[in-house]
Amino acid sequence: MANLLPSSTRTIPDTASIPRHIAVIMDGNGRWAKQRFMPRVAGHQRGVEALREVVKACRDLGVEYLTVFAFSSENWRRPAEEVSFLMTLFLKMLEREVAKLHKNNIRLKIIGDRSRFDDKLKQTMRDAEQLTANNSALTLTIAVNYGGRWDVMHAVQNMLREHPSLAQIFTEEDLQPYLSMSDAPEPDLFIRTGGEQRISNFMLWQLAYTELYFTDTLWPAFDRKELGKAIASYQKRERRFGRTSEQLTS
Ligand code: IPE
Ligand code: IPE
Ligand code: MG
């Protein structure tokens, strides 16, 4: 079994002033484009540039894990042209950026259900992950065709396939290695751009004790400075993990 990372519901995680793991819902691309009388897809294109800047900023700050939501399991409900544009954009982004990520010692991971992707995209994803597998400055995880419920269901199915006897009774620790983010600590800070205050099926399990930050800034306009504001807000929070404030200060 994989080495177990501390779980926020079982032990008190170590916390630091710079979050170890930041999870982001990159929302507001369509509205950013609409405000500029541009097609929605232009917003997705600019969104890739925003991601590039945030990745660099996280690396510079010493953030260890950055996990971003690029395409949800529910985003297939969008018009076919937009879905197909997003898939092509994702493929092009992988092809164009992977060498740079590798040069910057960044490990790339992709989570989500890959079964619906075409062979070329599947192969490009595997190649990118393999090339960067041993990098250590930052782990960038991109969630595509990902859903938090899918993740938990998928983990339970895989766990039971490998250990049928666990069907009788299993614990959080039994399940944890089968979840998509099993090799990362739980996110310290969650950021959602674009003004909506919801989780939209992102990392349901892992966000148990994550500090939530919502901003009206649309994703294509989110930059290093905006990231700084989110981290400053995080630094003012008291992370109690179920304890009282008095217990923390004594
Ligand atoms: C987020 O931006 C990107 C994806 C979901 C792929 P949106 O496309 O949701 O932009 P808005 O929310 O319509 O502005
Ligand atoms: C969440 O954004 C998913 C991604 C950013 C990939 P959506 O724009 O799809 O979320 P809802 O539909 O507004 O909740
Ligand atoms: Mg949206």
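Below, all heavy atoms of this structure are taken into account, side chains as well, without hydrogens, waters or symmetry copies. In each ligand, atom 1 is the first atom listed, and ligand 1 is the first ligand listed.
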Below 4.0 angstrom from a heavy atom of Arg31, which ligand 1 atoms are there? Numbered from 1 as shown, please. 11 (P), 12 (O), 14 (O)
Gln123-Asp127 side chain donor-acceptor pair, cut-off 3.5 Å: yes
Any idea how Phe214 and Phe190 line up, ring-wise: parallel (<30°), tilted (30 to 60°), or perpendicular (>60°)? perpendicular
Can you see whether Ser182 engages Gln176 through a side-chain donor-acceptor pair at a distance of less than 3.5 angstrom? no
Which one of Trp76, Phe85, Phe90 satisfies the ring pair (Phe, Tyr, Trp, His ring centres under 6.0 Å) criterion with Phe71? Trp76
Would you please determine whether Lys34 falls within less than 4.0 Å of ligand 1 on a heavy-atom basis? no
Specify side chain, backbone, both or neither for Asn75, according to which of its non-hydrogen atoms lie closer than 4.0 Å to ligand 1. side chain
Return the orientation label for the Tyr209 and Phe241 ring planes: parallel under 30°, perpendicular over 60°, tilted otherwise. tilted
Starting from atom 14 (O) of ligand 2, which protein heavy atom do you reach first, and at what distance in Å? Ser200 OG, 2.6 Å
Tell me the protein heavy atom at minimum distance from atom 1 (C) of ligand 2, and give that distance in Å. Ile25 CG2, 3.8 Å
Region of Phe202 engaging ligand 2 - heavy atom pairs below 4.0 Å: neither
Angle between ring planes, Tyr146 versus Phe69, binned at 30° and 60°: parallel, tilted or perpendicular? perpendicular
Can you tell me which residue and heavy atom of the protein come closest to atom 12 (O) of ligand 2, and the distance to 0.1 Å? Arg198 NH2, 4.5 Å
For atom 7 (P) of ligand 2, tell me which residue out of Met26, Arg78, Arg77, Glu196 has the closest non-hydrogen atom. Arg78
Can you tell me if an N/O/S atom from Glu196 lies under 2.8 Å from the Mg ion (ligand 3)? no
Atoms of ligand 1 close to His44 [distance to a heavy atom under 4.0 angstrom, numbered from 1]: 3 (C), 8 (O)
Does any N/O atom on Trp32 come nearer than 3.5 Å to any N/O atom on ligand 1? no
Measure the acute angle between the ring planes of Trp150 and His154, then classify it against the limits of 30° and 60° as parallel, tilted or perpendicular. parallel
We want to know whether His44 and Asn29 form a side-chain donor-acceptor pair, criterion being a heavy-atom distance below 3.5 angstrom. yes
For Ala70, counting its heavy atoms only, list the atoms of ligand 1 lying under 4.0 Å from any of them. 6 (C)
Which single N/O/S atom of Asp27 lies at minimum distance from the Mg ion (ligand 3)? OD1
In the protein, what heavy atom is nearest to atom 10 (O) of ligand 2, and what distance, to one decimal place, separates them? Arg192 NH2, 3.2 Å
Check step by step if side chain to side chain contact (heavy atoms under 4.5 Å, CB included) holds for Arg192 and Gln197. CA-CA 8 Å; Arg192 181 172 187 146; Gln197 304 200 356; over 6 Å; no
So the atoms of ligand 2 within less than 4.0 Å of a heavy atom of Phe71 turn out to be 6 (C)
Heavy atom of Gly194 under 4.0 Å from ligand 1? no
Lys/Arg N to Asp/Glu carboxylate O, Arg107 vs Asp183, below 4.0 Å: yes
